[in-house]
Amino acid sequence: MTELRLSGVSKRYGGTETSTTTDESESEAIALQNVDLTVRDGEFFTLVGPSGCGKTTTLRTIAGFEEPTTGTVTFDDDPMTGVPPEDRDVGVVFQSYALFPHLSVAENVGYGLTFRAPPAGLTVDERVSELLELVDLEGMGERDPAQLSGGQQQRVALARALAPAPELLLLDEPMSALDARLRESLRRQLSRIQSELEITTVYVTHDQAEALAISDRLAVMHDGEIEQIGRPKDVYREPASRFVAEFVGDNNVFDGRVVDHDGEHATVVVGESGSGSGIGTGTGTGTGSQTQRQKRAQTTFTIAGVPTDATHIAICVRPGALSRETAQNQLTVDIETTEFLGERVRVHGHWNGVPIVLRLAEPPSGETCSVGFEPAAAHVISSSND
Amino acid sequence: MSRSGDESRSQPPSQAASERDQTSNSDGECQNECDCESEHNHNHERTLPFPDSRSLTGLRHWLDSHALALLALATAAVLAVMLYLPTGVVLVNAIVEDGIPTLAPFVDVLTDSFYFGVLADIFADPLAIGEHLHALAGWLAAISISVGLEYRLPLPFVQFELPIPWVGVETPGVRQGLFGFTAYQAALSTIASVAIGLPAAYILANYEFYGRRTLRSLTILPFVLPGIMVAVGFYAMFGQSGTLNTILGGVGLGPFAFVESNPLAIVILAHAFYNAPLVARITVAAWESVDVRAVETARSLGASERRAFRDVVVPQLAPAVLTGALLTFIFTFMTFPIVLALGGLQLATVEVWIYDRIQRLDYTEAATLAVLETILSLGLTYAYLRYESAQTGLSQAASPPPKEALFPDLQTVLSPRRLAILGYGLGALVLFVGPLASLVVGSVTDGGGFTLRNYAFLLERQLEGESFQTQPWPAIRNSLLFGVATLAVAVPMGVVISVLTVRAGRSGTIIDTLAMLPLAVSGVVFGIGLLQGLVFGISLPGGWQFQVTGAVAIVVAHAVAAYPFVTRNVSPLLSNLDPAMVESARALGASRFRALLDVELPLVASGIVAGAAFAFAISIGEFSSTVILASGSESYTMPVAVERYLGRRSGPAIAMGTLLLCVTAASFVVIDRVGGRYEL
């Protein structure tokens with residue numbers, strides 16, 4: 001199987017072509033900025049990020065539909081520069097599936113075998129039925145793609161991509177056109193197939209929950225750059241940046257000033273507006289809740305794991321870590337909305353101008369709710385010492 | 001398995017190493033391929049549905065990966081030699097006199113009031129603004145408006161003449177000149193086409209009735225009918241002894257000399273015959289893409305039905321109507337066979353006058369006029385293309401407006417709206433079916449009685465005619481041969497241009513505009529270019545002569561006129577294809593060209609067939625450049641034969657026109673049958 005490596009890959013669109021018509025800042029659209037990543041042999045790797053973050057461009061660069069402006073893509077140390085997609089031996093599944101409507105399901109699955117021989121000892125027909133069986137579509141070979149449901153079409157597209165036994169499987173938001181329940185079952189099926197075949201897989205999605213659920217490792221992308229690469233639980237627990245903290249899962253982010261550090265715990269003043277010059281200034285209209293907020297604006301938290309030389313830090317606390325039973329690090333949240341999720345309720349509100357998300361067992365009664373968190377439950381996402 | 005092994009699967013190991021194009025592969029990794037290759041080959045060659053890859057030699061592999069570029073080069077070469085060279089020759093002829101560049105012919109034409117009427121004075125002395133304004137003011141002051149009742153409609157059977165109120169606008173005469181008149185008749189034709197086309201669009205888009213779909217499809221038909229045949233059909237319908245006079249004579253009216261007393265009106269009607277269906281077709285498409293939910297939203301927000309129509313539907317129809325009007329103006333500005341046959345030199349448009357200059361061997365003046373005409377039509381075409389491309393955002397409506405039954409029961413038939421529709425239908429019948437039916441009827445009647453005299457004449461000419469005389473069979477044979485040859489050239493050209501332009505972004509737009517030049521260069525202009533450039537021959541250094549003559553020149557002229565229609569039919573389908581379709585094929589191992597053959601072309605087959613039908617029909621009906629290129633040669637086609645038979649007696653021409661109609665109709669049945677297989 002194959003190890004995939006991207007080294008210093010950047011992609012710019014437009015460039016000189018448009019620089020005469022638009023001003024300097026827009027003249028060059030940077031799609032990818034110095035992307036480095038390695039996908040290990042047989043790994044299920046996910047690129048996740050909001051739309052426009054460059055994840056699809058990265059995938060298309062790997063497939064050979066785009067050439068990087070700078071940097072290299074290698075498959076098992078073979079540079080792919082200048083190699084057209086048809087010579088890269090990748091299997092691609094698109095969001096739209098892109099099934100050939102003029103060919104039957106079997107002909108679709110068999111199309112790649114025109115150019116690449118089926119694996120040892122199999123005829124094209126045998127390989128096609130093997131693949132249809134793999135995706136639970138036995139006996140559907142003679143149908144037209146249009147006769148199939150969305151989920152079935154998606155599985156045909158997967159079978160078609162896998163039929164020539166490619167080195168790499170590339171999936172570009174393959175499930176975003178399906179409804180939630182179907183997506184979940186297909187996700188499990190995809191996981192099973194991937195681990196069965198042990199094929200190196202790159203999966204692109206904007207859905208962070210999907211990325212956490214399915215990946216061996218994932219890369220969070222933002223504005224053409226990789227923010228963090230890691231295992232799902234590491235990315236979830238220890239986000240490397242404010243963007244990752246806010247993008248992956250619900251989170252509460254606080255900025256604070258370190259006023260004391262005993263080597264284990266730091267005392268952090270939170271709720272100062274701006275860079276800590278005053279309390280609640282400049283927020284304008286003095287409504288009732290505003291004055292209320294200002295009254296209890298400044299709070300100190302006790303936080304573990306803060307670098308000893310840090311003066312300003314940003315921390316995040318997962319909603320699940322904020323509990324009504326915890327006495328430490330108390331904050332009283334003004335409740336705005338309550339969503340019933342079945343086993344839990346999700347509460348959105350504000351504390352001191354900071355948006356807060358809570359995950360509680362019971363919906364709170366009243367307009368406010370006091371919660372607290374353990375010093376070790378906070379994760380420091382950034383720190384500075386000026 | 002290793003990367004290198006997989007790569008070489010597309011080639012047998014023994015040949016891959018020796019024949020691989022080293023320069024095109026950045027990685028020279030072919031050493032360790034044999035170990036994994038042997039396990040694939042066995043099944044590989046036995047089971048592939050396509051020609052197996054063992055026969056792929058290095059050359060074929062190279063051809064495969066460069067096929068698209070080679071086709072593009074071939075297309076560019078054909079265009080350069082057959083389109084741009086002739087057009088350039090016309091330009092050179094107009095501005096070079098005895099080897100010296102000069103603008104004198106242009107100045108002569110621009111300041112000649114025969115060509116430019118009152119504008120000639122302005123061109124002659126553009127700085128005398130005060131004088132020109134004074135002239136304009138004097139002219140405006142002389143306009144008088146009056147309302148009179150002097151027009152009376154004589155009613156049959158009762159002794160009463162119905163007075164018709166008539167607003168008279170008396171304007172002192174303006175010398176329009178040749179260009180002015182050409183624009184004037186084009187403007188009138190455009191108004192007539194829109195006026196006749198819009199009711200048809202309204203009916204087709206809003207009512208359901210038996211044969212609606214067929215009728216909608218038929219709106220494309222006039223566009224491909226040979227102009228000369230339509231002109232003859234109008235003669236047979238509206239002429240002194242035409243069908244309409246025969247019918248009117250039956251109720252004691254007439255005969256009226258429609259054509260003879262008012263040739264301009266008949267020419268404009270003939271133009272409307274061509275272009276009203278075009279306007280209707282474009283408008284219906286826009287109408288059917290109006291989202292009924294947008295109308296319902298407007299109604300729910302308080303707009304009345306009429307108001308919702310005005311605020312929601314009309315803004316979506318207006319661009320379509322304008323597109324149709326612009327196209328109509330372009331087409332009728334360059335009109336030729338209709339005017340030549342129905343008006344003659346007394347109604348000469350620029351195009352007819354150019355033709356006349358060529359007949360008199362005055363090539364410089366013809367070329368000068370041709371360049372001026374082309375500049376004008378290029379500007380109009382550019383405006384059209386710009387406008388059209390701005391429209392492409394029009395969405396396909398998920399829910400088009402519902403259609404009402406046209407005649408649900410007997411009572412509604414008598415409602416004013418239904419009566420108006422019936423009346424319009426009758427008028428349309430006279431205008432659209434009349435000429436064609438009269439053509440057929442006229443070919444077998446003679447002053448009211450049945451006769452085969454006209455066909456006997458054709459037969460006699462075929463059997464006993466001298467070789468220099470125009471004979472029917474060679475005309476039919478040539479038309480069909482040229483049609484097939486045109487198909488063979490125009491379809492690949494059109495498809496290649498579509499493929500190159502659809503996803504090429506800005507550079508694609510430029511190529512597209514350059515490739516659409518034939519729409520803006522009239523047949524006559526193109527004909528002179530071919531005549532002077534390729535038929536007379538161009539001297540090359542070394543005593544060589546580059547020359548294309550006779551049938552080849554005609555086929556080239558037809559193909560160049562026809563390929564834009566292939567492109568126009570294929571491009572929209574191609575651009576609607578999911579780009580992931582081609583990318584999927586390529587990721588699965590298909591080269592770009594292979595993906596085109598396997599995926600794109602089958603999916604746009606209906607567009608290709610439609611484009612091919614257009615190409616064939618345009619070849620069959622092409623008159624303007626054919627009449628120039630075929631003069632004095634054996635390569636005349638059916639439309640040229642019709643024109644040559646059009647003498648003092650119209651009978652033989654009508655008979656020949658009927659033959660043309662039959663051959664055109666038969667070809668369409670064949671194309672429909674063959675093309676029907678590809679319908680998706």
Side-chain angles (χ1 to χ4, degrees), chain A residues 1-2 17-18 60 63-65 74-103 107-127 157 160-161 163-168 170 172, chain B residues 1-10 23-27 29 36-53 56 61 64-65 505-507 577-595 598-605 678 680:
Chain A
M1 296 314 258
T2 306
E17 204 174 288
T18 51
R60 295 174 58 80
F65 300 127
T74 56
F75 293 4
D76 275 342
D77 296 329
D78 292 331
M80 287 293 116
T81 311
V83 178
E86 61 264 31
D87 295 335
R88 290 200 180 193
D89 203 8
V90 294
V92 184
V93 178
F94 289 100
Q95 181 178 0
S96 59
Y97 321 137
L99 296 181
F100 307 137
H102 58 301
L103 302 181
E107 284 167 332
N108 263 286
V109 175
Y111 183 79
L113 303 174
T114 316
F115 309 102
R116 296 173 188 150
L122 292 180
T123 65
V124 168
D125 289 346
E126 285 165 359
R127 179 65 174 162
R160 182 177 69 178
E167 296 179 49
L168 269 181
L170 307 175
D172 186 6
Chain B
M1 69 196 69
S2 73
R3 166 94 215 120
S4 53
D6 290 323
E7 243 238 325
S8 62
R9 272 193 222 147
S10 59
T23 53
S24 72
N25 280 284
S26 60
D27 43 353
E29 12 116 284
C36 56
E37 186 61 38
S38 54
E39 64 190 66
H40 297 316
N41 265 341
H42 180 62
N43 299 305
H44 194 178
E45 55 186 54
R46 203 156 39 91
T47 51
L48 290 183
F50 296 94
D52 72 62
S53 54
L56 266 182
H61 188 241
D64 197 36
S65 52
R506 191 180 298 178
S507 55
L577 277 191
D578 183 356
M581 212 77 91
V582 171
E583 290 176 346
S584 289
R586 294 200 69 187
L588 290 166
S591 65
R592 179 69 192 82
F593 184 62
R594 194 61 198 266
D598 287 354
V599 178
E600 285 171 298
L601 291 192
L603 293 178
V604 301
Y678 291 100
L680 288 169

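Residue numbers start from 1 in every chain, and the chains themselves are labelled A, B, ... in the order their sequence lines are given, proteins ahead of strands. For the numbers below, each heavy atom of this structure counts, side chains included, while hydrogens, waters and symmetry mates do not.
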Which atom of B/Leu588 lies closest to which atom of A/Phe115, heavy atoms considered | O-CD1, 3.6 Å

Please list, chain by chain and in numerical order, all residues satisfying side chain to side chain contact (heavy atoms under 4.5 Å, CB included) with A/Ser96, sequence neighbours excluded.
-> A/Phe94, A/Ala98, B/Asp578, B/Ala580

State the CG-CG distance between A/Leu103 and B/Asp598, to the nearest 0.5 angstrom.
-> 8.0 Å

Residue among A/Ala63, A/Pro85, A/Ala163 with most heavy-atom pairs under 4.5 Å to chain B = A/Pro85

Looking only at non-hydrogen atoms, find the nearest pair between B/Met581 and A/Pro101 and report the distance.
-> CE-CD, 3.9 Å

Which heavy atom in A/Phe65 sits nearest to a heavy atom in B/Arg586, and how many Å separate them?
-> CE2-CB, 4.4 Å

By side chain to side chain contact (heavy atoms under 4.5 Å, CB included), A/Leu99 pairs with (sequence neighbours left out) A/Tyr97, A/Asn108, A/Pro145, A/Gln153, A/Val156, A/Ala157, A/Arg160

For residues B/Arg594 and A/Glu86, determine if any side-chain heavy atom of one lies less than 4.5 Å from a side-chain heavy atom of the other.
-> no

